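Sequential numbering from 1 along the given sequence is applied to the chain's residues. All of these numbers come straight from a predicted model, not from anything done at the bench. These numbers come from the heavy atoms of this one structure, side chains and all, not from hydrogens, waters or symmetry mates.
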Amino acid sequence: MRGFSDLNLNGDAPARVQPKVGEWGPERVPTTQAKKRLRIWVSLAFIAALTALCLLGWFFYKKMNPGA
């Protein structure tokens with residue numbers, strides 16, 4: 001039927017990467033709100049890790065150069 005598009009959006013993707021489809025749509029797919037929250041948490045974790053590394057470097061610099 002030429003007038004209709006193929007509704008299989010998975011294409012040639014292997015079955016292990018395709019979402020499980022329930023009665024009304026995909027299951028266990030994160031919502032947009034959950035993805036937004038995760039982006040914020042990842043940003044905060046990155047900033048915290050960067051701050052910790054800078055403080056650790058400053059601490060070792062001070063310990064190795066007591067007169068500075």
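- Residue Leu56 shares its hydrophobic cluster (ILVMFWY side chains chained together at separations under 4.5 Å) with Phe59, Phe60.
- Expressed to the nearest 0.5 Å, how far OH of Tyr61 lies from CG of Asn65 amounts to 5.0 Å.
- Between atom CZ of residue Arg37 and atom OG1 of residue Thr31 there is a gap of 6.0 Å, rounded to the nearest 0.5 Å.
- Residue Val42 shares its hydrophobic cluster (ILVMFWY side chains chained together at separations under 4.5 Å) with Leu38.
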